[in-house]
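What follows is one structure encoded as structure tokens, with my remarks underneath.
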Protein chains: 4
Amino acid sequence: MSIMSSQPKYQRRKEDRPQEIADAAFAAFAEKGYAATRIDDVAKRAGISKGLTYLYYKTKEDLFKAVVKNVVVRRVDTLIGNVESTNLSSEDFLRGPLLDFMKQVPGSPIAIVIRLLISEGPRHPDLVDYYYENVVARGLGAIRQFVTRGVERGEFHRDALQYQPHLFLAPMMLSMIWRLIFADKPLDTDQLMESQIEMLLAQLKA
Amino acid sequence: MSIMSSQPKYQRRKEDRPQEIADAAFAAFAEKGYAATRIDDVAKRAGISKGLTYLYYKTKEDLFKAVVKNVVVRRVDTLIGNVESTNLSSEDFLRGPLLDFMKQVPGSPIAIVIRLLISEGPRHPDLVDYYYENVVARGLGAIRQFVTRGVERGEFHRDALQYQPHLFLAPMMLSMIWRLIFADKPLDTDQLMESQIEMLLAQLKA
Amino acid sequence: MSIMSSQPKYQRRKEDRPQEIADAAFAAFAEKGYAATRIDDVAKRAGISKGLTYLYYKTKEDLFKAVVKNVVVRRVDTLIGNVESTNLSSEDFLRGPLLDFMKQVPGSPIAIVIRLLISEGPRHPDLVDYYYENVVARGLGAIRQFVTRGVERGEFHRDALQYQPHLFLAPMMLSMIWRLIFADKPLDTDQLMESQIEMLLAQLKA
Amino acid sequence: MSIMSSQPKYQRRKEDRPQEIADAAFAAFAEKGYAATRIDDVAKRAGISKGLTYLYYKTKEDLFKAVVKNVVVRRVDTLIGNVESTNLSSEDFLRGPLLDFMKQVPGSPIAIVIRLLISEGPRHPDLVDYYYENVVARGLGAIRQFVTRGVERGEFHRDALQYQPHLFLAPMMLSMIWRLIFADKPLDTDQLMESQIEMLLAQLKA
DNA sequence: GATGAATGAGGATTCATTCAT
DNA sequence: TATGAATGAATCCTCATTCAT
């Protein structure tokens with residue numbers, strides 16, 4: 001009405017709306033799963049209206065994909081960077097940074113993403129591919145490279161290379177699934193991973 | 001009117017209907033997950049009408065529970081019986097029957113059940129408990145008992161007992177999840193499990 | 001199989017099956033109303049299978065109509081016969097047999113029929129007509145006739161005829177509805193009807 | 001394509017939607033009863049989509065309760081207010097305002113509510129209680145109070161108090177039921193109520 | 001941009017009715 | 001006759017998506 005009314009109507013308009021929505025969606029998916037999450041829940045969590053969600057994400061499925069990629073992207077690079085740039089001896093690296101990393105995975109958003117991929121993956125092959133290339137392949141590659149370096153440095157014996165990198169991650173995987181399913185049943189997941197690392201070291205060391 | 005109308009409207013009438021429905025439901029859940037499966041899908045697969053499903057299972061949830069328990073019950077007893085009644089040396093048993101068993105799990109219905117538990121478990125705590133008691137606890141118990149026997153026989157050293165039984169199963173778990181998510185990506189899951197058994201044997205043997 | 005087997009397979013086959021079914025249906029309708037009653041309930045109450053019901057009553061609606069007519073027919077004739085054949089003075093008849101009859105109506109199956117007619121009547125005009133002709137018209141006619149007789153005998157004054165017979169029944173009606181709706185709220189329905197009769201007598205008497 | 005498509009897909013947007021829906025529901029329930037009314041009918045009558053009904057009323061039952069309370073609340077207060085604030089002599093009041101009120105009840109929405117309570121009451125005890133407290137108890141209380149006042153003023157004799165207030169309403173009740181069931185059968189319901197009032201006056205007057 | 005009322009396509013569940021046995 | 005398994009049409013209710021404001 002008035003000429004002077006210079007306050008923009010929607011001053012809270014944020015640039016990071018998409019991110020906020022994705023975060024809210026992630027929280028909702030984590031809690032109830034994809035199918036059981038209503039767009040309304042997401043909007044409420046994000047503090048916006050249902051309709052606005054659709055301004056940024058055309059469909060619920062779009063939102064789902066964004067969420068998965070989002071979480072993945074925000075986590076993986078730094079992690080793998082760590083592995084690649086370490087100066088520690090192989091043994092110290094395994095017992096130190098790698099173990100620490102693995103220990104925190106089962107309780108992290110990555111576990112949620114795994115759960116979502118297990119549930120919804122079959123309906124989203126592109127998402128699975130994305131995840132494989134950006135997380136799994138890179139992670140396994142990093143471990144393989146690490147073992148190779150250990151061999152080159154003489155810390156590991158030659159046959160070390162025949163061990164699949166998945167073996168490093170198996171207890172982490174089991175711990176993750178355990179927590180997803182049996183949240184309340186006790187299990188010393190840290191010790192599980194430690195034992196595995198020790199076993200592997202015993203096998204790999206020259 | 002038509003030359004041959006050979007389709008009787010009322011097909012057959014059996015008491016294995018419940019099992020047929022459960023089987024159809026298992027197949028449907030395996031393919032699309034619980035939430036995305038329509039009762040109609042199940043009925044169609046079972047070759048019956050939607051309504052008949054409800055004669056045997058009061059709700060979709062009932063059907064779900066029946067399916068899970070069904071698969072579990074039909075599998076577990078024999079398997080664990082095997083473990084308990086073996087006469088082989090510990091080493092031979094690990095490399096033989098146990099490894100064989102583990103190798104076939106990731107491709108078996110048990111993997112599907114795991115998928116369902118991961119997706120729907122949080123909404124069905126009683127099912128999780130059932131699964132824990134009837135499968136997990138018993139399986140872990142069997143392994144623990146097996147290790148104990150190995151120690152008693154002098155095949156394993158005393159410290160063997162400190163290894164959590166989960167360690168035996170970790171690669172099996174990883175293989176299972178791998179297949180559930182990355183069905184088409186290659187992974188020599190058998191070798192993974194073999195390596196783990198060898199590593200464990202190397203650690204456990206007196 | 002054996003030649004001697006002279007026992008008929010269904011020896012309990014009764015001639016009064018239709019009646020039994022109607023009784024069961026009446027009980028079920030009384031308890032849950034027409035819409036909420038399942039044919040299965042009726043069959044169970046009658047101690048027969050669902051299918052057999054359809055041998056005697058083509059549809060649920062048929063059954064409904066049979067039930068209403070049934071109850072009506074079985075009750076009305078004797079009742080009205082009473083009124084018509086009395087030898088008592090008008091006053092004694094009102095205070096005696098008529099009052100007694102009215103007192104027991106609100107708790108009788110007639111009340112249930114009224115309830116059914118109120119609920120389902122609009123969908124069954126023929127039933128309403130049937131009820132009107134066989135119960136209401138006859139009942140009112142009997143009262144009218146009774147009053148006429150009273151006038152002829154000099155027990156009632158001439159103007160007595162201007163009173164509509166419905167007035168005799170109004171408290172009975174109210175009592176019936178009261179019980180149907182407020183089963184548990186106290187109301188001395190007997191006194192209500194007594195007061196009305198006394199009032200009417202005071203008005204009618206010469 | 002078409003020459004004129006003038007129907008907007010999204011009609012209007014009001015806050016009187018709840019009332020509109022309740023009105024539509026009332027009409028539908030009045031016509032077909034609660035059980036036989038489809039939410040779709042209600043929506044169609046209200047000119048909205050089925051889903052919108054659920055935005056305002058969580059379940060069909062909620063809608064039902066809202067409808068009943070709605071009708072009741074909108075009517076009762078003024079009516080009972082009338083009774084309480086009158087300055088007329090008891091006799092004039094009975095013959096005037098009270099009679100007028102009673103005469104219009106059998107054709108009013110209140111009759112519909114009665115029908116609904118008779119049909120569905122047993123399944124909705126809370127509704128029955130609500131109705132009892134807000135309509136019946138208050139109505140009867142008002143009549144009782146009115147009689148008391150008449151006695152105090154010397155218009156009625158002492159024994160007047162022994163007459164249950166229900167007696168005033170009995171012909172109204174009968175008229176209501178009569179219309180609900182025998183809509184088309186003639187009955188001078190007004191005269192019925194007038195006669196009752198006259199009879200009562202004859203009894204009550206000092 | 002933002003809202004949330006409104007839509008409508010399903011999906012779970014019920015139940016009158018049918019029919020093979 | 002008698003059974004009850006089987007059918008399928010109907011009905012309540014949910015929720016992703018749209019759009020008037």
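Just so we're on the same page: letters track the sequence lines, and every chain starts at 1.
- Taken to the nearest 0.5 Å, the OG1 atom of A:T53 stands 5.0 Å off from the CD1 atom of A:I21.
- In this entry the distance linking OH of A:Y54 with P of E:dA5 reads 16 Å, nearest Å.
- With DNA chain E read from its 5' end, the first of the two nearest nucleotides for B:D40 and C:G51 is the one closest to B:D40.
- Between the P atom of E:dA12 and the CG atom of B:D62 lies a distance of 14 Å, rounded to the nearest Å.
- Considering only side-chain N and O atoms, A:R17 lies nowhere under 4.0 angstrom from the phosphate OP1 or OP2 of E:dG1.
- When both pairing distances are held under 3.5 Å, F:dA16 makes a Watson-Crick or G-U pair with E:dT7.
- We find that A:R38 and A:D41 are joined by a salt bridge, their nearest charged nitrogen and carboxylate oxygen being less than 4.0 Å apart.
- In this entry the distance linking CG of A:L63 with C1' of F:dC15 reads 15 Å, nearest Å.
- E:dT21 and F:dA2 make up a base pair, with Watson-Crick or G-U wobble contacts both under 3.5 Å.
- For C:Y56, the side-chain atoms get nearest to F:dA2 when compared with the rest of F:dA2, E:dT14, F:dC13.
- Across the interface with DNA chain F, nearest-nucleotide mapping of B:L52 and A:K58 shows B:L52 to be the residue nearer the 5′ end.
- Spacing between atom CD of D:E61 and atom C1' of F:dT11 amounts to 16 Å, rounded to whole angstrom units.
- Rounded to whole Å, atom P of E:dT18 lies 12 Å from atom CG of C:L55.
- Contact record, A:A24 with A:V42: CB-O, 3.6 Å, taken as the closest heavy-atom pair.
- With rounding to whole Å, C:I39 atom CD1 is found 16 Å from F:dA9 atom C1'.
- No N or O donor and acceptor, one from the side chain of A:K50 and one from the base of E:dT3, sit under 3.5 Å apart.
- Atom P of nucleotide E:dG10 and atom CG of B:D41 are separated by 13 Å, given to the nearest angstrom.
- Summary of the strand contacts: B:Y34 and D:S49 both lie near DNA chain E, and taking for each the nucleotide with the nearest heavy atom, the more 5' one is attributed to D:S49.
- The CD1 atom of A:I21 sits 12 Å away from the C1' atom of E:dG1 (whole-angstrom rounding).
- Minimum atom distance to the side chain of C:K60 is reached by E:dT17, of the listed F:dC12, E:dT3, E:dT17.
- For the pair A:R38 and D:R38, both in contact range of DNA chain F, the more 5′-proximal nearest nucleotide belongs to D:R38.
- Put simply, the side chain of A:K60 gets close to the backbone of A:Y34: a donor and an acceptor are under 3.5 Å apart.
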